[in-house]
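Before any comments, here is the structure.
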Amino acid sequence: GDMTLDAGAVAAKQASEGRTAIGDPDPETWQLAGRVVVDGPWPSEEQLAVTADGLRTSVAADGRFTLEVPEGRDSLALELDGRFVYLDEPLRISRGSLVAGSRVELRAKLGAWLQVELVGTSDVTMEELEAAEVVAVVYRGEPAWKRALVGLGGGRFEARALAVEQLFSVSVSGDTIAGAGAVDLRAFAGEAVRERYEVRRGARVSGQVLGPDDEPLARARVSAARENPLPGSMVSYVDRTRIKTDEWGHFDFEGLEPGTWRLEASASGFLGVAEDVGELVDGDRRKGFLLRLGSGLSITGTVLFPAA
């Protein structure tokens, strides 16, 4: 059955005794004590803390905590920092509203703990894995959310207290690695979700953007695009990576995923151009693409609507 755990705030200093409401006399602090309440079993892997404006204290296995608050701090915004347990918003309390010896209950929610481990192929370094961006996204359903996972070192990442019972995806990206991840993941309250992804080097495509007279074009816009169908769906989306050329017009895309790619280049005052790269596989190195932009004119104007 359900197990109820508390978390609350208490205890103003008992002025008549010159004491804190809980514990021994301490003229420098007053104590805030309480418990955390969740609907459901307490996760065995939970490591929960109560924080308040720079203060922090651990929550015991039965949900109880005691926070030492410096004198002069008479209002606090209580928050929870845990793997599973969270508050939708901070609980704001003032010392004057507390009754000596009383407890204020924090009604918390139970989420999921997402852990992701990245393992690189032999040509991917640990530095590249640790520099990767790992994101969890609810791509359909309400409420939608997007969370960047926090790096823990060694290619490990985590997101704590995720909203649960919604399909979500995990994506891994980086400047020099091919993307990885998964779709249609689901998490439940109090559940630890553990994912492990192999990260590949991907393909590399480089070249140069030139103007009509074959002069290199600095800071021209170049994009690499690939149509990518969603698994089990008739819908597809376009993966698009954008960069700008260097002072000699050179561009270099790294970490492109396998697939059929196309290059597109443009610059102000020139006609854009596109060129098919073709099918790329892991480890491909395609060099020497020359994208020549044509001469063109820019036309500007104003659209006028008839008066009502």
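The structure displayed is predicted, hence computed values, not measured ones.
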- Message: Starting from Val116, can I reach Val193 by hopping between I/L/V/M/F/W/Y residues whose side chains sit under 4.5 Å apart?
- Response: yes
- Under 4.5 Å between any side-chain heavy atoms of Arg292 and Glu275, yes or no? no
Check residues 276-283 and write down every donor-acceptor pair under 3.5 Å in which the side-chain atom is one partner and the other belongs to a residue at least two apart or another chain.
residue	atom	partner	partner atom	Å
Asp276	OD1	Arg262	NH1	2.6
Glu279	OE1	Thr260	OG1	2.6
Asp282	OD1	Arg200	NE	3.2
Asp282	OD2	Arg200	NE	2.4

- Item | Asp175 CG: over 12 foreign heavy atoms closer than 6.0 Å | no
- Begin from the C-alpha positions of Leu217 and Gln208 and carry the test side-chain contact (heavy atoms from CB on, under 4.5 Å) through to its verdict. CA-CA 8 Å; Leu217 292 181; Gln208 189 179 28; over 6 Å; no
- Is it true that a side-chain atom of Asp62 and a backbone atom of Arg64 form a donor plus acceptor pair closer than 3.5 Å? yes
- Item | Derivation and outcome, side-chain contact (heavy atoms from CB on, under 4.5 Å), residues Val303 and Phe305 | CA-CA 7 Å; Val303 176; Phe305 294 91; 4.2 Å; yes
- Query: Under a 4.5 Å cut-off applied to non-hydrogen side-chain atoms, are Leu78 and Leu32 in contact?
  - Reply: yes
- Query: So, for Ala77 and Arg92, which heavy atoms are closest and what is the spacing to 0.1 Å?
  - Reply: CB-NH1, 3.4 Å
- Query: Can you get from Val134 to Met126 by hopping between Ile, Leu, Val, Met, Phe, Trp and Tyr side chains that sit under 4.5 Å apart?
  - Reply: yes
- Heavy atoms, side chains only, cut-off 4.5 Å: are Arg156 and Gln115 in contact? no
- Over all atoms of both residues, closest heavy-atom pair of Glu46 and Phe84: OE2-N, 3.1 Å
- Task: May I ask you to test the Leu110-Asp39 pair for a side-chain heavy-atom distance under 4.5 Å?
- Result: no
- Could you tell me whether Arg103 and Glu105 make a salt bridge, using a distance below 4.0 angstrom between a side-chain N and a carboxylate O? no
- Side chains of Phe157 and Glu130: closer than 4.5 Å at any heavy-atom pair? no
- Task: Kindly determine whether Trp30 and Val69 satisfy side-chain contact (heavy atoms from CB on, under 4.5 Å), including the steps that lead there.
- Result: CA-CA 5 Å; Trp30 59 280; Val69 183; 3.5 Å; yes
- Query: Looking only at heavy atoms, which two atoms of Val199 and Val124 are closest? And how far apart?
  - Reply: O-CG2, 3.7 Å
- Query: When you check the gap from the basic side-chain N to the acidic O, do Arg160 and Glu158 get nearer than 4.0 Å?
  - Reply: yes
- Query: Picking from Arg226, Arg240, Arg221, what satisfies salt bridge (charged side-chain N to carboxylate O under 4.0 Å, His left out) with Glu264?
  - Reply: Arg240
- Common cluster, Val273/Leu210, ILVMFWY with side-chain heavy-atom separation under 4.5 Å: no
- In sequence, state the C-alpha distance, the side-chain angles, and the governing distance for Val222 and Phe253, and then conclude on side-chain contact (heavy atoms from CB on, under 4.5 Å). CA-CA 10 Å; Val222 186; Phe253 290 99; 3.7 Å; yes
- Neighbour count >12 (heavy atoms, 6.0 Å) for atom CZ, Arg196: no
- Item | Over all atoms of both residues, closest heavy-atom pair of Gly202 and Ala178 | CA-CB, 3.7 Å
- Any side-chain heavy-atom pair of Arg204 and Glu254 under 4.5 Å: yes
- Query: Going hydrophobic residue to hydrophobic residue with side-chain gaps under 4.5 angstrom, can you get from Val50 over to Leu76?
  - Reply: yes
- Query: Do side-chain atoms of Glu215 reach the backbone of Asp213 as a donor and acceptor pair under 3.5 angstrom?
  - Reply: yes
- Message: Between Ile177 and Leu149, is there shared hydrophobic-cluster membership here, with clusters defined by ILVMFWY side-chain heavy atoms closer than 4.5 Å?
- Response: yes
- Considering all heavy atoms of both residues, which atom of Val170 and which atom of Leu114 are nearest to each other, and what is their separation? CG2-CD2, 4.0 Å
- Query: Looking at Leu293 and Ser266, what are the two nearest heavy atoms and their distance?
  - Reply: CD1-C, 3.9 Å
- Mind checking whether Pro70 and Leu55 have side chains closer than 4.5 Å, heavy atoms only? yes
- Query: Can you find a pair of side-chain heavy atoms, one from Val85 and one from Trp42, that are under 4.5 Å apart?
  - Reply: yes
